[in-house]
Amino acid sequence: MSSISELYDVCWEEMRDKLRKWREENYRNSEQIVDVGEELINEHASKLGDDVWIIYEQVMIAALDCSRDDLAWSCLQELKRQFPDSHRVKRLAGMRLEALERYEDANKLYDSILQDDPTNTAARKRKISILQAQGKSSEAIRELNEYLEQFVGDQEAWHELSELYINEHDYAKAAFCLEELMMTNPHNHLYCEQYAEVKYTQGGLENLELARKYFAQALKLNNRNMRALFGLYMSASHIAASPKVSAKVKKDNVKYAAWATSQISRAYQMAGRGKKENKCSVKAVEEMLESMQITMS
Amino acid sequence: MGEVELSCLAYAKMYLHASQFPRCSVNGLLLSSSPAGAAVCITDCVPLLHSHLSLAPITQLALTQVDAWCSQTQQRIVGYYQANACVSDSSPTPCALKIAEKIFEQCNNTVLLMIDGEKMFPSCRVPPIVMYERKDARWALKDKHAIMLRQWEETCSIVNQLFSSGDQTLLVDFDSHLDDITKDWTNQKLNAKIMELISPANGNV
């Protein structure tokens, strides 16, 4: 088995930089992290300086994700040796117990961290993750709500809560969480688009109009967001087809839908250029757009 | 309710889909290119989503597009599959039941298939699937003996080959297609690779 550096012709600095990029952008490409990180640690640990500890942490978490308990254990040992009383390392030990499904032991560890330091958000979040892993969604939701009362600015937690509500089909509460996220991240097109999807799912004319507006906003922030484009098309089409709207509203929405159609067609024409393999998806979209035109008029 | 036959191609793609997103719930549609009859032959599948399964717009979009593609290729939507993120729970979620109901409006013999994550390991002897059928206005477990997976051993070996050659990364679901529309959710390339692996073993699976 050749090494990563041989396979991809990279030096250790490039490997270290790649790991940093993945860390900073929060990628969960665990198999890659394990491949690159394991080699970096085994062959080049001495050259990494103080970076080595954060790399041990990153590789350990990725190793847990890939069921590589051997690698996770050795990383944990290095970290324990270097930082014997650290809460951060204790949390990692807890995560390893979670990976082994030893949830009671993990909870005990997190509780001991919280006894020492009640403001330790990482330990609280891990306890909530355990509830999710055990399928206890309502308890997880309750705990997460309590957490957010104290730590109201935690974006990650708001997003996690919105996901939990979506899974429970509690769309109104999911919308509330996404509203919080949109307020604090007005330039994030993904939150706009997710909010629009939730509104669309709730249904009814008012929600459809809101959905259309937020799909449009998402597109304004990122004009390549295909979900937003399709969402705009579908919400405008449904509004135009509704018997309850005025002639003006119908006319406006027919216009919006037509605009969306032309953008979709253009995007697919460009995507399909020269590529034989996505002819099928292009044709499917064309037919869908045609058939919805018919139902609208 | 008659027999249900699951082809190697459909099984392989479902399995690959669930494996590609181990931390998410995934779902997809089951297709048949055989004419409607007492028995249902699931010949192919289309992997759909790996996020926000219970939100309407993308699901509706996907259903419409797959419908359009099916009429172009003489196939029918005959069922729905889902794999839950929580491995220990393979029961159908409300969202799964809703979509299966929708398909049932058009197809009498709709199959609802849940993938059992706990049985998804290489040396497992039994197919990691649980099937439901519409009986007396509810979804009931289908009799295991009415489910046929021809050449189960070959199917397993083909799936293993796909993993060892790295071809499992070829799988594109509808969600991934929306992230990059140059990707083909009908998976022509992967289908061809799988058919290549099937043909030396047997004439038709």
Side-chain angles (χ1 to χ4, degrees), chain A residues 28 30 65-67 101 132-135 137 162-163 166-169 171 174 193-194 196-203 211 215 224-235 238 264 267-268 270-292, chain B residues 19-25 46 49 51-73 75 84-91 93-95 97-98 121 166 169-170 172 174-192:
Chain A
R28 197 173 166 177
S30 301
D65 225 5
C66 300
S67 298
E101 292 184 273
Q132 284 177 269
Q134 294 172 313
S137 322
S162 75
E163 299 277 319
I166 289 174
N167 279 339
E168 297 298 305
H169 301 266
Y171 301 119
E193 182 249 298
Q194 273 179 34
E197 284 194 49
V198 169
K199 285 291 154 194
Y200 183 106
T201 309
Q202 283 180 289
F215 280 129
R224 295 165 78 187
N225 185 330
M226 283 311 289
R227 287 185 181 81
L229 190 50
F230 275 115
L232 174 61
Y233 168 72
M234 289 167 71
S235 34
H238 281 298
I264 295 171
Y268 273 86
M270 291 191 57
R273 225 185 275 159
K275 273 198 164 199
K276 196 173 69 144
E277 49 196 41
N278 53 16
K279 283 279 187 289
C280 302
S281 18
V282 174
K283 276 182 85 185
V285 167
E286 283 173 2
E287 183 161 321
M288 176 193 87
L289 294 177
E290 266 182 46
S291 68
M292 280 191 90
Chain B
S19 314
Q20 207 176 65
F21 302 102
R23 303 132 197 157
C24 312
S25 295
V46 175
L49 306 178
S51 66
H52 301 151
L53 270 59
S54 54
L55 288 182
I58 306 301
T59 305
Q60 277 182 16
L61 179 69
L63 278 166
T64 322
Q65 286 208 31
V66 174
D67 224 6
W69 182 60
C70 279
S71 44
Q72 292 165 5
T73 53
Q75 295 181 87
N84 291 333
C86 191
V87 162
S88 52
D89 174 20
S90 62
S91 50
T93 58
C95 153
L97 295 171
K98 210 162 158 191
F121 51 91
T169 55
L170 287 175
V172 175
F174 198 78
D175 247 341
S176 311
H177 165 79
L178 288 176
D179 289 333
D180 173 1
I181 57 173
T182 61
K183 292 196 177 155
D184 169 32
W185 55 261
T186 66
N187 287 293
Q188 299 300 306
K189 221 173 178 183
L190 179 62
N191 283 1

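Letters A, B, ... mirror the listed sequences (proteins, then strands); counts begin at 1.
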Checklist entry - Of the backbone (N, CA, C, O) and the side chain (C-beta and beyond), which part of B/C95 lies under 4.5 Å from a heavy atom of chain A, both, or neither? => result both
Next on the checklist: Quick check on the interface: out of B/L61, B/D180, B/D67, who has the most heavy-atom pairs with chain A under 4.5 Å?
Outcome noted: B/L61
Item to check | Contact class of B/T73 relative to chain A, heavy atoms under 4.5 angstrom | outcome: neither
Item to check | Interchain contact, A/R28 with chain B, by part (heavy-atom threshold 4.5 Å) | outcome: both
Next on the checklist: Apply side chain to side chain contact (heavy atoms under 4.5 Å, CB included) to residues A/R227 and B/I58 and explain how you reach the verdict.
Outcome noted: CA-CA 7 Å; A/R227 287 185 181 81; B/I58 306 301; 3.8 Å; yes
Checklist entry - Side chain, backbone, both or neither: which part of A/Q202 has a heavy atom under 4.5 Å from chain B? => result neither
Next on the checklist: Just so I understand: if I count every heavy-atom pair under 4.5 Å between each of B/D175, B/D89, B/N187 and chain A, which residue has the most?
Outcome noted: B/D175
Next on the checklist: Between A/Q132, A/E163, A/Q134, A/M270, who has the most heavy-atom pairs with chain B when the cutoff is under 4.5 Å?
Outcome noted: A/E163
Item to check | Heavy-atom pair of closest approach, residues A/T201 and B/A56 | outcome: OG1-N, 2.9 Å
Next on the checklist: Under a 3.5 Å distance rule, please check whether A/S235 uses its side chain to pair with a backbone N or O of A/G231 as donor and acceptor.
Outcome noted: yes
Next on the checklist: Report which part of B/Q65 has an atom under 4.5 Å of a heavy atom belonging to chain A: side chain, backbone, both, or neither.
Outcome noted: both
Checklist entry - For A/A133, is it the side chain, the backbone, both or neither that has a heavy atom under 4.5 Å from a heavy atom of chain B? => result backbone
Next on the checklist: Taking B/V172's backbone N and O only, do any of them form a donor-acceptor pair with B/D184's side chain (distance below 3.5 Å, no angle check)?
Outcome noted: no
Next on the checklist: Report which part of A/Y171 has an atom under 4.5 Å of a heavy atom belonging to chain B: side chain, backbone, both, or neither.
Outcome noted: side chain
Checklist entry - Distance-only, no hydrogens or angles: does the B/S25 side chain make a donor-acceptor pair with backbone N or O of B/A85 under 3.5 Å? => result yes
Checklist outcome for this item: All heavy atoms of A/Y268 vs all of B/H177, minimum pair found to be OH-NE2, 2.7 Å
Checklist entry - Are the aromatic ring centres of B/H52 and B/F174 under 6.0 angstrom apart? => result no
